[in-house]
Amino acid sequence: MTSSSSSSSSAHTSVSAPFGSWKSPVTTQLIVGETIRLGQPAIGAEGIFWTEGRPQEKGRNVLVRYSADGRIDDVSAAPFNVRSLVHEYGGGAFAIGAQGGIFFSHFDDQRLYRIRSDGQPEALTEAGEVRYADAIVDAAHHRLIAVMEDHGAGAAEPVNSLVSIDLTSGARMLLVGGHDFFSSPVLSPDARELAWLTWDHPDMPWDGTELWLADVAADGSLSTPRKIAGGREESLFQPAWSPAGELHVVSDRSGWWNLYCLRAGKLEALHSMEAEFGKPQWVFGMRTYGFDTAGRIVCLYEQDGDTHLAILDVERGQFDEIEVPFRAMRDLYVYGNQAVLIGSSPSADEAIVALDLEHRTHQVLRSASRAQADPAYVSIAEAIRYPTEGGAFAHALFYAPTNADFTGPEGALPPLLVISHGGPTSSTHAGFKWSIQYWTSRGFAVVDVNYGGSSGYGRPYRQRLNRQWGVVDVDDSVNAARYLIGRGLVNPDKVAIRGGSAGGYTTLSAPTFRSFFKAGASHYGIGDLEALARDTHKFESRYLFGLIGDYPAEQALYRARSPVNFTDQLSSAMILFQGAEDKAVPPNQAEAMYQAVRAKGLPVAYLLFPNEQHGFRRAENISRSFEAELYFYGKIFGYEPADAIEPVQIDNL
């Protein structure tokens with residue numbers, strides 16, 4: 001690996017060494033010291049904007065701007081942290097006006113701030129127990145329109161609504177309430193109509209949402225609000241207005257998230273495909289399409305595990321794919337004849353990519369990593385489709401161990417790490433990930449599983465997990481490993497499962513309810529579903545109703561699916577990682593599981609990280625979690641890591 005802008009592979013002579021013991025250039029220092037998290041690209045009059053989550057700055061999110069002269073500068077200076085906590089997961093943390101004006105949510109107090117002409121932020125909203133996200137600028141009424149989440153209303157749970165904030169006084173006005181959740185406010189080009197999405201308990205936005213439309217009165221209030229589409233059996237995503245003033249939205253009413261336009265009061269399909277033009281709304285500000293100067297739709301869609309970029313000309317009935325080197329793309333923002341997105345290829349990390357739509361060219365503005373991968377150490381994903389329970393098929397990405405300096409001992413097969421992604425309504429992709437190359441370059445095979453319930457394969461595939469969480473995801477993870485064992489690619493005696501959050505639940509469930517895995521690594525995973533149902537935040541407080549069943553009516557099922565209640569069945573060693581300030585999965589979950597595994601007499605380790613929430617953001621903690629997991633596998637699988645690692649206390653070893 002190199003920090004230069006270009007590299008070439010030199011000749012390598014490989015030596016034989018045990019899998020897992022290979023010395024790798026993919027160090028934790030490279031992952032946390034050379035990489036950042038990219039988010040929310042946007043285009044405004046003053047340039048191209050995005051956020052950077054920097055582990056080196058204790059996870060601070062910085063607003064960054066690429067100017068017309070090619071300069072890249074920080075817009076938000078320390079200590080400001082551009083991050084919203086609405087729904088806990090946030091997203092949509094900043095807004096820019098078409099004619100200027102920059103506004104953002106500051107993590108520490110969740111107030112909205114404006115960037116003054118001198119570059120300094122000033123508070124726009126008052127201090128209080130209020131959070132904001134998904135803001136847009138309504139220049140016609142000199143205000144912001146945003147989702148507000150009020151934690152000080154005295155209600156049993158936070159109250160969500162759409163509000164406006166005056167740009168001079170900061171005065172707030174309620175625009176619409178009465179639903180549990182709101183997202184995606186969008187103004188028509190003439191600012192006379194406002195559209196938005198809403199949904200209610202127990203639905204999640206990928207289950208059922210509603211599209212609403214209202215007239216904007218002269219005083220800025222909303223009149224004649226009416227539901228346009230949606231319901232409990234239809235998921236709608238990203239309403240948007242064309243330059244001609246037609247309202248568009250993505251709907252999965254066909255079984256696939258496809259593009260629609262509102263015409264004569266009804267949604268009309270624009271280009272039907274067995275492909276996904278939408279995504280599960282875990283965070284605010286997600287975009288998969290926009291309109292160019294000619295009114296054509298520039299869009300992203302997922303099909304067969306890859307993301308594609310295309311232009312849909314509805315008037316001419318043309319749908320043309322734009323060739324780009326990226327297999328994973330997200331957060332597309334279109335502005336005139338230019339666009340920006342986040343993309344990654346099989347061998348290069350995520351990057352902010354600017355697109356010239358007229359000439360169909362692209363330019364990388366900022367990579368998530370200052371280091372460039374040497375192809376000699378990069379494992380490329382192989383998409384696999386394999387049989388699983390009930391005659392169904394599941395999907396995954398397989399990565400073979402790859403390191404030009406090493407080979408495994410003759411006749412030996414590599415250990416396998418089965419990765420279970422979070423969500424669980426989410427998915428993994430084939431774009432480059434340092435986190436996977438960390439393992440493959442040390443001699444591990446990796447299979448990254450898109451188990452039933454994952455997005456990207458249509459609504460019926462997502463619904464495979466309904467009332468079957470802890471069953472379908474576990475079966476699909478086990479069967480991915482069995483498929484690879486059957487192909488003779490991995491060691492059947494050295495198979496581990498790892499995952500974070502919901503993937504951590506699968507990681508804890510698999511060795512509890514199936515005697516298959518030899519080790520597990522749970523990152524802020526769920527061990528007790530009842531505890532989660534009683535003690536989680538509003539956004540996910542009814543999520544388990546669809547994944548498991550109603551609570552407390554089906555309390556017995558919750559107990560039957562909770563690994564912590566069946567530790568007598570545990571069959572593998574376990575390491576657990578947890579953030580002390582995690583609100584989504586509180587630390588008592590990991591602690592209860594740790595005590596149970598320890599009492600069972602199985603090898604177990606528990607690492608609790610202060611100042612971390614749901615997902616680790618601090619460089620030292622990210623580094624420690626990687627190295628501790630590698631150390632743990634070494635003790636369980638019987639190899640000595642090449643890395644110098646601070647020992648981990650493992651009970652019952």
Could you walk me through whether T198 and F181 pass the side-chain contact (heavy atoms from CB on, under 4.5 Å) check?
CA-CA 5 Å; T198 187; F181 301 100; 5.6 Å; no
Would you check, one step at a time, whether the test salt bridge (Lys or Arg N to Asp or Glu O under 4.0 Å) holds for R131 with E88?
CA-CA 10 Å; R131 305 172 180 181; E88 299 300 329; 3.0 Å; yes
One pair to check against side chain to side chain donor-acceptor pair (under 3.5 Å): S455 and E276. What are the steps and the verdict?
CA-CA 8 Å; S455 56; E276 299 279 54; over 6 Å; no
pair D476-R464: side-chain heavy atoms closer than 4.5 Å:
yes
Check whether R54 reaches the backbone of E52 with its side chain - one donor and one acceptor, N or O, closer than 3.5 Å.
no
Considering only heavy atoms from C-beta outward, does the side chain of L544 approach that of W469 to under 4.5 Å?
yes
R71 and E46: CA distance, side-chain angles, deciding distance, salt bridge (Lys or Arg N to Asp or Glu O under 4.0 Å) verdict
CA-CA 12 Å; R71 289 184 299 110; E46 299 175 1; over 6 Å; no
Ignoring hydrogens, what is the shortest heavy-atom contact between A135 and A95? Give both atom names and the distance.
O-CB, 3.3 Å
Set of side-chain hydrogen bond (donor to acceptor under 3.5 Å, both in side chains) partners for D550, sequence neighbours left out:
none
Check for a donor-acceptor pair, side chain of Q110 on one end and backbone N or O of L85 on the other, with a separation under 3.5 Å.
yes
Heavy-atom closest pair (S161 atom, V163 atom, distance to 0.1 Å) is OG-CG1, 3.6 Å
Please report the shortest heavy-atom distance between G285 and D134, naming the atom on each side.
N-OD1, 3.4 Å
Which heavy atom in A217 sits nearest to a heavy atom in H141, and how many Å separate them?
O-NE2, 3.5 Å
Distance check, rounded to the nearest 0.5 Å: R111 atom CZ versus S105 atom OG?
11.5 Å
Audit row: I322, H362, side-chain contact (heavy atoms from CB on, under 4.5 Å) steps and yes/no:
CA-CA 10 Å; I322 301 175; H362 71 273; over 6 Å; no
Is there a side-chain contact between Q318 and R296 (heavy atoms, below 4.5 Å)?
no
Take atom CD of E126 as the centre, draw a 6.0 Å sphere, and report whether it contains more than 12 heavy atoms from other residues, nucleotides or ligands.
no
Would you please indicate yes or no on a ring centroid separation below 6.0 angstrom for Y89 and H537?
yes
Quick one, Q338 and L357 - any side-chain contact, counting heavy atoms below 4.5 Å?
no
Could you tell me if the side chain of T288 sits less than 4.5 Å from the side chain of L332, heavy atoms only?
no
How long is the straight-line distance from OG of S427 back to CG of N450, given to the nearest 0.5 Å?
5.5 Å
Exactly one candidate in F80, Y132, F103 meets ring-ring contact (aromatic ring centres under 6.0 Å, His included) with Y113; the answer is F80
Within 6.0 angstrom of R360 CZ, more than 12 heavy atoms from elsewhere:
yes
Under 30°, 30 to 60°, or over 60°: which ring-plane class applies to F104 and H106, parallel, tilted or perpendicular?
perpendicular
Apply the test side-chain contact (heavy atoms from CB on, under 4.5 Å) to residues V82 and V62: give CA-CA distance (whole Å), side-chain angles for both, the deciding distance (0.1 Å), then the verdict.
CA-CA 6 Å; V82 181; V62 182; over 6 Å; no
Which word best sums up how the rings of Y451 and H421 line up, parallel for under 30°, tilted for 30 to 60°, or perpendicular for over 60°?
parallel
Parallel, tilted or perpendicular, judged at 30° and 60°: which one describes the rings of W257 and F237?
tilted
Output the distance between atom CD (E234) and atom OG (S254), rounded to the nearest 0.5 Å.
9.5 Å
Side-chain (W241) to main-chain (V186) donor-acceptor, under 3.5 angstrom
yes
With rounding to the nearest 0.5 angstrom, report the CG to CD distance, D215 to E193.
5.5 Å
Do S242 and H248 have a side chain donor and acceptor closer than 3.5 Å?
no
R542/D200 salt bridge by N-O under 4.0 Å criterion
no
Can you confirm whether V64 sits close enough to R366 that some side-chain heavy atom of one is under 4.5 Å from a side-chain heavy atom of the other?
yes
Please verify the inter-ring angle class for F319 with H271; under 30° counts as parallel, over 60° as perpendicular, anything in between as tilted.
parallel
How are the rings of Y301 and H308 set relative to one another: parallel (under 30°), tilted (30 to 60°) or perpendicular (over 60°)?
parallel
Give a yes or no on whether the backbone of N81 and the side-chain of N61 come within a donor-acceptor separation of less than 3.5 Å.
no
Would you sort out whether T51 and Q40 count as a side chain to side chain donor-acceptor pair (under 3.5 Å), showing the intermediate values?
CA-CA 6 Å; T51 60; Q40 201 184 338; 5.5 Å; no
Looking only at heavy atoms, the pair that brings V147 and P185 closest together is CG2-CD, 4.5 Å
Heavy-atom side-chain contact between E149 and H87 under 4.5 Å
yes
Restricting to side-chain hydrogen bond (donor to acceptor under 3.5 Å, both in side chains), what partner residues turn up for H395, sequence neighbours left out?
none
Test side-chain contact (heavy atoms from CB on, under 4.5 Å) on I136 and L194 and set out the steps.
CA-CA 11 Å; I136 60 172; L194 181 75; 4.3 Å; yes
W212 vs W196 aromatic rings, parallel, tilted or perpendicular, using cut-offs 30° and 60°?
parallel
Given V130, L144, L112, the one that forms side-chain contact (heavy atoms from CB on, under 4.5 Å) with T125
L112
Test item: D292 side-chain N/O and G295 main-chain N/O as donor-acceptor pair under 3.5 Å:
yes
D252 side chain to G458 main-chain N or O, any donor-acceptor pair under 3.5 Å?
no
Within 6.0 angstrom of E315 CD, more than 12 heavy atoms from elsewhere:
no
Donor-acceptor check, side chain of R114 to backbone of L167, threshold 3.5 angstrom: yes or no?
yes
Is the count of non-hydrogen atoms from other residues, nucleotides or ligands lying under 6.0 Å from E157 atom CD greater than 12?
yes
Verify, without hydrogens or angle tests, whether S188 (side chain) and G245 (backbone) share a donor-acceptor contact under 3.5 angstrom.
no
Can you confirm whether R263 is buried at CZ, in the sense that more than 12 heavy atoms of other residues, nucleotides or ligands lie under 6.0 Å from that atom?
yes
M173 versus L175: any side-chain heavy-atom pair under 4.5 Å?
yes
Minimal non-hydrogen separation, A93 against S84, with atom names
CB-N, 3.8 Å
Could you give the distance from CG (D203) to OG (S235), rounded to the nearest 0.5 Å?
9.5 Å
Could you check, using the six-membered ring where one of them is a Trp, whether W206 and Y543 have ring centers closer than 6.0 angstrom?
yes
Nearest-0.5 Å distance that lies between atom NZ in K433 and atom CG in D448
5.0 Å
